[in-house]
Number of protein chains: 4
Amino acid sequence: MSPRTPEQFREMRGQSREKILQSALDLFATKGYHVTSIEQLAKQAKVSKGLIYNYFHSKQTILEELIRIGLEEIDRISAETHEISDPAERLCRQFDLFGGLLRGNEAYWRLYTQLLTQPTVLETVQHRFGTFLEAQLEQMQELLAAVGFENSSIEARILAAVLDGIGFHYFIDETYPLDEVLTHLKMRYCGGN
Amino acid sequence: MSPRTPEQFREMRGQSREKILQSALDLFATKGYHVTSIEQLAKQAKVSKGLIYNYFHSKQTILEELIRIGLEEIDRISAETHEISDPAERLCRQFDLFGGLLRGNEAYWRLYTQLLTQPTVLETVQHRFGTFLEAQLEQMQELLAAVGFENSSIEARILAAVLDGIGFHYFIDETYPLDEVLTHLKMRYCGGN
Amino acid sequence: MSPRTPEQFREMRGQSREKILQSALDLFATKGYHVTSIEQLAKQAKVSKGLIYNYFHSKQTILEELIRIGLEEIDRISAETHEISDPAERLCRQFDLFGGLLRGNEAYWRLYTQLLTQPTVLETVQHRFGTFLEAQLEQMQELLAAVGFENSSIEARILAAVLDGIGFHYFIDETYPLDEVLTHLKMRYCGGN
Amino acid sequence: MSPRTPEQFREMRGQSREKILQSALDLFATKGYHVTSIEQLAKQAKVSKGLIYNYFHSKQTILEELIRIGLEEIDRISAETHEISDPAERLCRQFDLFGGLLRGNEAYWRLYTQLLTQPTVLETVQHRFGTFLEAQLEQMQELLAAVGFENSSIEARILAAVLDGIGFHYFIDETYPLDEVLTHLKMRYCGGN
DNA sequence: GATGAATGAGTATTCATTCAT
DNA sequence: CATGAATGAATACTCATTCAT
């Protein structure tokens, strides 16, 4: 009945939605959520202002969708290590994954950091982050204990701090020696393998 | 803002200008710079909107002044350690100072973190932060080398990351065991004294 | 809209165009013309937005078409009385017709009232209503004169006012005793037969 | 302290607020609430768009305030008749007041009629109108009974319908013979005095 | 005939800033 | 020094309308 098949429509929708999300991630991360206007977003996505509202209910909805996608991605990536049984190896692998995350998802990282430091933006999201970080912490504690660290609770806090601190510096300083720092850490925490 | 407000507020007391700065720090830090309106600021400072423009040329000027005061204060505080000649002791003292800074200047810390992750806000300020952080890094490297760490360059990076990471977590998590973590760090880096 | 939808909907049945008109009448009358969006209309008519523009040039055109159909129907209905020669009987019959109109065409009635009180909507339509009302007035005046009223000009004004006022109240108040009021009127104006 | 005295400020506020309300009444009544934009309103009131929001929280708030003022005015006017003890005289006086209301408050009358026929605009206001109209009805019923009408309940309905119908026609037809119609009504209902 | 993605002008509202007093 | 009324550009969002298929 319809001259464009439903399949075609789905395709169109998918592409536009993707363009919008991609541009939003870019702009929110580099300029900031509040500073990015829908007009700018539309321009960058090469899409009309109105179209954005065909796909997202509001500016905030776009942000929430970005968060959702990002957390999902992180979950997916970190799930890769679950099969590794040796704790030291698994710990080591975590560092690699972390480095990969930083490099491959700069924008997401920036965005998360902003959201976490800007209480007003998204209370719902802050809670999700909170629980996510707690889970990460707990996992690290277990690994550190398994590897032989005493006082694994505090050690996990420190390791988490190191990683987030590194992420922080990495995005402030474009010349940050990420590889060297991570290699050094691996030596300390998992024998460098 | 906080009752435990320390010395940097010698600069701000009683007078309108100081009330404005104080309220601005509070609001910018807790709600975010962009989300805070001049109207809110005026209300919180119990001052008329117009008066704010007698003291500051613009909203951004207020922010810049806050940054200036804050950095100055940090300089002043960290200068206290310069007289200590023993590197280990001096390093240890740095940790104490850091803890004190976090606790006594939550608002500043929050504000800085926000600014650093939101490139758009203040390009001029970012440069100042950049050089400040570099100086800190260099100082730490020297201390670590003096204390006996090999590869002090990377170790300094890691230490800086730990500290900033701790600051990050401290403000996300109200129950963060700051003292324990710092004590643990002192054991690792300066023999715990 | 209403299940008791009468004859004027012979024009509208089954086909898309009719579904559109039907839904438009319903929505315009209950929500208001300006507040009803084409999207809502399409949804209610179970038709695509685009299709609406195959049948009507614009939103306003739909309204105009509704008016046309409605006025035509009223003409058709009131024409039924033209064959009655006895003025009293004819007058009485008019009351019955009026009651039937109110009950059978709530939506139209609402719509007309809205349009008449909102000058901006449709200037063209207002003229048509004006002449229609004048014609009604004149007809009533003749009947009232024939039945024996002195000062039939003013009496016609009053009768017209009563009827429109009743219509007004009928739609404001869902419990309006329409039958009793009309019966009472028939006693006054045409001996109640 | 303030160079403009509080009194001066109050004066300014009052004047601007009045200009806005006056223009809003005018525009809402003649063009319709939805069709009137804040921009138009600002222009007509010779005031900036922003200023309107210094005085009213939203467009709807302006409407609500207009309603409030209008109902208050009607109450005030109709209270004038309460002192008259003779029912016939009081009834007669009501007609005069009604005529005066129509002539002196065209805009309000228009506005009310619109609101009552446009369910979507203001549900809160519709309730207030409902109770107001009921009270009017009851009062009329008492007067009619006192004057000697049988079946005063229905008669009150009819009288209310006549009046609202007259109001309706008066605003549709600029040449409406309001005085003659009212005089005629007075003859019927209260002996014409 | 029929679809719904896409457009862009238009709307209500906010807010940093100015200014008369 | 101090006030708050006033401004207008900017913003998020809506919606009638178009158009490729």
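Order of the sequence lines sets the chain letters (A, B, ...), proteins ahead of strands, with each chain counted from 1.
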From [atom1] of [X] over to [atom2] of [N], roughly how many Å is that when rounded to an integer?
{"X": "A/Ile38", "N": "F/dA12", "atom1": "CD1", "atom2": "P", "result": "5 Å"}
{"X": "A/Leu63", "N": "F/dC13", "atom1": "CG", "atom2": "C1'", "result": "17 Å"}
{"X": "A/Arg4", "N": "E/dG1", "atom1": "CZ", "atom2": "C1'", "result": "16 Å"}
{"X": "B/Glu39", "N": "E/dT13", "atom1": "CD", "atom2": "C1'", "result": "14 Å"}
{"X": "C/Lys19", "N": "E/dA2", "atom1": "NZ", "atom2": "C1'", "result": "11 Å"}
{"X": "C/Leu41", "N": "F/dC15", "atom1": "CG", "atom2": "C1'", "result": "13 Å"}
{"X": "A/Glu7", "N": "E/dG4", "atom1": "CD", "atom2": "P", "result": "14 Å"}
{"X": "C/Lys46", "N": "E/dT3", "atom1": "NZ", "atom2": "C1'", "result": "17 Å"}

> When you measure from every atom of DNA chain F, which of residues 10-18 of chain D have a heavy atom less than 4.0 Å away?
Replying inline: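 When residues 10-18 of chain D is checked for heavy atoms under 4.0 Å from DNA chain F, the hits, listed by number, are D/Met12, D/Arg13, D/Ser16.
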Straight-line distance of [X] [atom1] to [Y] [atom2], nearest 0.5 Å:
{"X": "C/Glu65", "Y": "C/Arg17", "atom1": "CD", "atom2": "CZ", "result": "4.5 Å"}
{"X": "A/Ile69", "Y": "A/Leu21", "atom1": "CD1", "atom2": "CG", "result": "5.0 Å"}
{"X": "C/Thr117", "Y": "D/Phe171", "atom1": "OG1", "atom2": "CZ", "result": "11.5 Å"}
{"X": "C/Leu25", "Y": "C/Thr30", "atom1": "CG", "atom2": "OG1", "result": "9.0 Å"}
{"X": "B/Ile20", "Y": "B/Gln15", "atom1": "CD1", "atom2": "CD", "result": "11.0 Å"}
{"X": "A/Phe28", "Y": "A/Asp26", "atom1": "CZ", "atom2": "CG", "result": "11.0 Å"}

>> Using a 4.0 Å heavy-atom cut-off, does C/Thr36 contact any base of the nucleic acid, only the sugar-phosphate backbone, or nothing at all?
In response: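 If one applies the 4.0 Å heavy-atom cut-off, C/Thr36 turns out to touch the sugar-phosphate alone, with no base involved.
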> Relative to C/Tyr33, does C/Lys59 satisfy both conditions: NZ or CZ under 6.0 angstrom from the six-membered ring centre, and within 45 degrees of the ring's axis?
Replying inline: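 Yes, C/Lys59 and C/Tyr33 form such a contact.
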> Can you list, by residue number, the residues of residues 48-56 of chain C that have a non-hydrogen atom closer than 4.0 angstrom to DNA chain E?
Replying inline: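 The answer is C/Ser48, C/Lys49, C/Gly50, C/Leu51, C/Asn54, C/Tyr55.
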> Want to know the stems of DNA chain F: at least 3 consecutive Watson-Crick or G-U pairs with distances under 3.5 Å, which are they?
Replying inline: E:2-21 with F:2-21
> Of B/His57 and D/Ser37, whose closest DNA chain E nucleotide lies nearer the 5' terminus?
Replying inline: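 The 5'-side residue here is D/Ser37.
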>> From the set E/dT21, F/dT17, E/dT7, return the single nucleotide nearest to any side-chain atom of A/Val47.
In response: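 The answer is E/dT7, which lies nearest to the side chain.
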> Taking the side chain of A/Phe9 as its heavy atoms from C-beta onward, which of E/dT13, E/dT17, E/dA5 lies nearest to it?
Replying inline: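 The nucleotide sitting nearest to the side chain is E/dA5.
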>> Side chains of D/Arg10 and D/Glu7, heavy atoms from C-beta outward: is any pair under 4.5 Å?
In response: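 SC-SC contact between D/Arg10 and D/Glu7 confirmed.
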> Less than 4.5 Å apart, any side-chain heavy atom of B/Leu63 and any of B/Leu111?
Replying inline: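 Side-chain contact under 4.5 Å: yes.
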> Where each residue is assigned the nucleotide of DNA chain F containing its nearest heavy atom, which of A/Gln40 and C/Ser58 is assigned the position nearer the 5′ end?
Replying inline: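 On the 5' side of the pair lies A/Gln40.
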> Got a sec: does the CD of B/Glu39 have more than 12 other heavy atoms crowding it under 6.0 Å?
Replying inline: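 12 or below, so no.
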> Between A/Arg68 and A/Glu64, is there a side-chain N and carboxylate O pair less than 4.0 Å apart?
Replying inline: no
> Any sub-3.5 Å donor-acceptor pair from D/Tyr112's side-chain atoms to D/Leu71's backbone N or O?
Replying inline: yes
